[in-house]
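To find a chain, count down the sequence lines: A is the first, B the second, and so on, and within it residues start at 1.
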Amino acid sequence: MPLANIILHISRDANPSEPGFQPSGVYIAICILIPVFMGVITGLISSLVLRIFRKSRTKTEVSGDL
Amino acid sequence: MIFDVYLPLTDLYVDGAALIALGLVVGFISGFFGVGGGIIAVPMLYIFFNIPFPIAIGSSLALIIGTCISASYRHHHFGHIDYKMGLIFMIGAFIGIESGARVIQVFKQMGGISILGKTIPAPDFAISLIYITLLFCIGILMFRENRNIKRKSLGIMNSVIVKNFLIERFRNFHPRPRVKFESAGIHVSLWTVLSISLIVGFVTGLLGVGGGFILVPAMIYILKVSTKIAIGTSLFSIILGALYGTLTHTVKGNVDIVLVTVLLVGSAVGAQFGAAATRKIEGPRIRFYFSILTFIAALMSAVKLLLKILLG
């Protein structure tokens, strides 16, 4: 998993116990962007699933009426 | 352990499945009650996963961002968010958080008190006690309201309106300008909304907790907003505070992004289920569950304070 390795590598660089610690700009950006990205993606997926579910239910109801 | 996750900041191996399960619970609570969930996540991470407090606090703030965005998405589809009110809360909360953080800096210079041979900052101790008391009071208020609703349904009581001197004062406080909130269906003074957001933001800045536990009851009882709109709007307005908190904690090296990512896998999904559950359950019932959660949060805060005392 290259993405997981990249995150792990950046995280190691952000270890506050290291002497002269200062988090890199990339690490700060990742800490903000990953939660935002995951929140948006989950929201989008769930709304997509709901839309598909509703469509399939409507189709079943229509066919049931027939 | 089902699968191990290595946390580079703490140099620990933790159970990934257990972390996802914790995320799922925190996410559900967040989406259902309109709170960040940090008050549950922080002690759990410390007690069950041995994550040090600063990293547990910083990482839970990053977790709140994703969870609240995910839950807000669903509440948006249900029409449960009043964006105008949420934005006013965001502005007030930002000022409140900043002033709360500055007050902490002043407090830090005031020294500490000795309890059980350990020294902890005196203001930290006092503020935590105030917060625990406040949570208990909110819990009792909501619990009593639910009992009154039950009595009314049995014909024992005629009124279910919560009456309290302070709440009444706030309710009758109507200086101009007044703002109309279309989605919430209320027309109230801008100053009332701003005062609530400043108070919530100040508490958030002082204690490092999401303001949902105060914001949701304040919206319901002072602004007379429906429970579902209060939950959705609270989630939306928490996002900015969490973003700001994450930024400051990341700079201090308190955010473990690996931990946050694994927790988010569960919490983002849990938040969807929590938000969906608000559609199925009536407002008074949600408020009853919220009162129970408030008691749990007060207990968790007490545990956190106790751990601080014991660990120094």
Q: Checking B:F49 now: which residues fulfil ring pair (Phe, Tyr, Trp, His ring centres under 6.0 Å) with it, not counting sequence neighbours?
A: none
Q: Please enumerate all residues that pass ring pair (Phe, Tyr, Trp, His ring centres under 6.0 Å) together with B:Y83, with sequence neighbours excluded.
A: B:H76, B:F236
Q: Do other residues, nucleotides or ligands put more than 12 heavy atoms under 6.0 Å from the CZ atom of B:F273?
A: no
Q: Does the side chain of A:P35 reach to within under 4.5 Å of the side chain of B:L264, using non-hydrogen atoms?
A: yes
Q: Nearest 0.5 angstrom please: A:M38 CE to B:S267 OG, how far?
A: 7.5 Å
Q: Roughly how far apart are A:C31 SG and B:N254 CG, rounded to 0.5 Å?
A: 10.5 Å
Q: To the nearest 0.5 Å, what is the distance between CD1 (B:I65) and CG (A:L33)?
A: 9.5 Å
Q: On a heavy-atom basis, which atom in A:Y27 and which in B:I257 lie closest, and how many Å separate them?
A: OH-N, 3.4 Å
Q: Of all heavy-atom pairs between B:I69 and A:G39, which one has the smallest distance, and what is that distance?
A: CG2-C, 3.7 Å
Q: Considering non-hydrogen atoms only, spot the tightest contact between B:L247 and A:I28 and give its length.
A: CD1-CG2, 3.6 Å
Q: Between OG1 of B:T261 and CD1 of A:I30, what distance do you get to the nearest 0.5 Å?
A: 9.0 Å
Q: What part of A:L44 gets within 4.5 angstrom of chain B, counting heavy atoms only: side chain, backbone, both, or neither?
A: both
Q: Is any side-chain heavy atom of B:Y73 less than 4.5 Å from a side-chain heavy atom of A:S46?
A: no
Q: Which value, rounded to the nearest 0.5 Å, describes the distance between B:L243 atom CG and A:I32 atom CD1?
A: 5.5 Å
